[in-house]
2 protein chains.
Amino acid sequence: MARRSMSPTIVDVARRSGVSPATVSRVMNGKFLGDPAVADRVRAAAQELDYRPSTLARSLALGRTSSIGFMVPDLGNPAFQAVLTSLSKAAARDGYRVLVGDSAESPSEEGPLSVELRRRCDALVLCAPRMSESELTALADQFDPLVLINRRSDAVAVPSLSIDYVTGIGLLAAHLYDLGHRTIVYLEGPEDSVSNRHRLRGLEQFQRDHDDVTLQRMPGGAGIDAGLAAAPAIAASDATAVLAYNDLVAIGVLHKLAELGVDVPGRVSVAGFDGIPFAAYTSPALTTASAPHDELGREAWRRMSALLTGADAPGDLLLEPRLEVRASTAARR
Amino acid sequence: MARRSMSPTIVDVARRSGVSPATVSRVMNGKFLGDPAVADRVRAAAQELDYRPSTLARSLALGRTSSIGFMVPDLGNPAFQAVLTSLSKAAARDGYRVLVGDSAESPSEEGPLSVELRRRCDALVLCAPRMSESELTALADQFDPLVLINRRSDAVAVPSLSIDYVTGIGLLAAHLYDLGHRTIVYLEGPEDSVSNRHRLRGLEQFQRDHDDVTLQRMPGGAGIDAGLAAAPAIAASDATAVLAYNDLVAIGVLHKLAELGVDVPGRVSVAGFDGIPFAAYTSPALTTASAPHDELGREAWRRMSALLTGADAPGDLLLEPRLEVRASTAARR
DNA sequence: ATCGGAGAAGAAACCGCTTTCACGCGGCAT
DNA sequence: ATGCCGCGTGAAAGCGGTTTCTTCTCCGAT
């Protein structure tokens, strides 16, 4: 008996078909040009032994694993799940698999975890909105085939795919403005996250064009909890509209306001951001700026695929959110 | 110059510190027992070269990748995302990463895709509610360290984690019964999925105990679309309550019924199954049987971890859903 | 008849690490 | 002094493939 009940190796197939391992390898990879009869013998032997080349060994020899890493700050967030889903599907079509990493919103772990994840695969799709530009720069070459999501970097030259938060938040603000709202709360996201900064920038821009508006910043967060926590302060304020950092936060706000007996959109309008599938089904249905997350995932793979095959990658992509007006916003009373 | 700008290998470190690769390996793995000065030299050299052992090469030599596969029928489903999230977190704590696979609800692809996924890692957490028992049996040894989710198998002896759909659907039916409903529609899931069969079994049981109830089966599906599509038929029927296959379907039903002007829960009560986070925020908030998906993910990892370390795995686990009564169900008028 | 060249297939090096096995050396018992 | 044992370390054989390089054979051309 051979090795302890392991699966058959290329050597077994070689022996069985009376050729060398080299030939087996060539046949298995369609690189064989010799006598067709030999190829058939090899294939037959492989079949009989139910032989499958070891992915691991191939990876080592070829120097690629056919898998990519996807690092996000919170796998629990539907927005990232949407990206993961489409990224994974797109990659799968090209024979690549996705290895997931969740940095659990911990900025200090993000770097090391990403490095570790990257080392297990061929490339990294990184969503690290809180990572400092300097850390990103420092780690960029360790990440190398790298595609960035929701942030770009001037220091490192890698493809980036982003949602245009600046414009998106502007759309929402304008929508509220058109409804007559003049005192608006912005419920902030994670303190120094890139996407929060972008939203702030969009709001500043909006403010410049509309000096009759009072924009009020309130500390928030990225999840439903943050929304729940912020709702009382909103109820207490004299704002007639709220822009939440994202849909999750908005959902939290919606829920807590209902509990507090605050009428939405009667007393206060609420808008989210992201366009997660469920935003359409909240009570009341949530007005939001819908970001094309599946397109983002697909396009991320297109860029990544190009990087991996050495083609030059399409440039950065800035995806425009679409304003989705629903029942949670209404004309100011 | 050495190999084309590759990262340093164990040989580089060995040369630089004047020892053999074997010694470097031992030092790097804490298996070194000799002169501490030697160890220090090695560590210094590794540090200077910024050496990291190749995960790939280690995997090949050690025969394990420290990663597991997670195959689901639809990554877009929040229920699976919840499991993925907790599974990934639990595995990460033990240094394992998760490779995701999405069979896109295609029963014919499920098998081959799972095999492929399995070959890239050390084990498989499989959620394949549509796979036939015979196919599962046939492939079981290829999957080997295997943990099943939402189905058990008598033919193969592997740990399984399931939601108790039988009891869960019973809870929901009883809830509707208590509210006075006597004509209830069950909106079916994917035709021959295990979880659909379990729900049917639960309903049969319920029917036996309540012969004054008319249970009516209607074809459905697993996603929001299925719910949207089924709503008209529900509106047209004389049922006063609907049990949807899962929350997604229920959300679809809710939405379409609202559009059709059918009052929920006034004219008809609607209940879902799964307890996805958003069920609490629909309009009206969805009554559901909430399944502990994160516990399921964590426990799946516990079983898997045991299998991987050779300990004997804790037995099967049948997790009980909790009835979550919300606004979408009410007393029959 | 001889040489050259193309084409088929094998030998061996290699990918980068782990681990068994062998070696050399110093210390202790005889 | 001699033999033995144990210890620290290196050499080398894997892990399971891929690929370069080489050899051998058979063919046609001169």
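First the proteins, then the strands, lettered A, B, ... as listed; each starts at 1.
Electrostatic pairing of E295(B) and R298(B) does not count as a salt bridge here, judged by no charged N lying under 4.0 Å from a carboxylate O. Under a 4.0 Å N-O distance rule, the pair D192(B)/R197(B) does not qualify as a salt bridge. Residues E116(A) and R119(A) are not paired through a salt bridge, judged by the lack of any N-O separation under 4.0 Å between the basic side chain and the carboxylate.
Side chains of D102(A) and S88(B): no donor on one and acceptor on the other come within 3.5 Å.
N29(A) has its CG atom 17 Å from the P atom of dG16(D), to the nearest Å. Atom-to-atom, NZ of K31(B) to P of dC17(C) comes out at 15 Å; the value is rounded to the nearest Å. Between the CG atom of D12(A) and the C1' atom of dC15(D) there is a distance of 13 Å, rounded to whole Å. For L49(A) and dG16(D), the CG to C1' distance is 15 Å, given to the nearest whole Å. Rounded to a whole Å, the CG atom of L62(A) is 6 Å from the P atom of dT18(D). Rounded to whole Å, atom C1' of dC17(C) lies 17 Å from atom CZ of R52(B). What separates CG of L56(A) from P of dG17(D) is a distance of 10 Å, to the nearest Å. Protein atom CE of M28(B) is 14 Å distant from nucleotide atom P of dT19(C), rounded to whole Å.
Across all non-hydrogen atoms, the minimal contact from L84(B) to V98(B) is CD1-CG1, 3.9 Å.
An OP1 or OP2 oxygen of dG16(C) is reached within less than 4.0 angstrom by no side-chain nitrogen or oxygen of T9(B). For dG16(D), neither phosphate oxygen OP1 nor OP2 lies less than 4.0 angstrom from any side-chain nitrogen or oxygen of R58(A).
Between atom OG of residue S103(B) and atom CE of residue M131(B) there is a gap of 8.0 Å, rounded to the nearest 0.5 Å.
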> Should I68(B) and L99(B) be marked as a side chain to side chain contact (heavy atoms under 4.5 Å, CB included) after you check the CA-CA gap, both sets of side-chain angles, and the distance that decides it?
Replying inline: CA-CA 6 Å; I68(B) 63 170; L99(B) 211 48; over 6 Å; no
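Backbone-only contact: S54(B) has heavy atoms under 4.0 Å from sugar-phosphate atoms and none from a base. Using a 4.0 Å heavy-atom distance criterion, R64(B) is classed as making no nucleic acid contact. Note on L60(A): a base of the nucleic acid sits closer than 4.0 angstrom, heavy atoms only.
Taking every side-chain heavy atom of S25(A) into account, dT18(D) is the closest of dT18(C), dG16(D), dT18(D).
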Could you write out each protein N or O paired with an N or O of nucleotides 4-11 of chain C at a distance under 3.5 Å?
residue: dA9(C); atom: OP2; partner: D35(A); partner atom: N; Å: 3.2
residue: dG10(C); atom: OP2; partner: S20(A); partner atom: N; Å: 2.9
residue: dG10(C); atom: OP2; partner: S20(A); partner atom: OG; Å: 3.0
residue: dG10(C); atom: OP2; partner: T23(A); partner atom: OG1; Å: 2.6
residue: dG10(C); atom: N7; partner: R26(A); partner atom: NH2; Å: 2.9
residue: dG10(C); atom: O6; partner: R26(A); partner atom: NH2; Å: 3.3

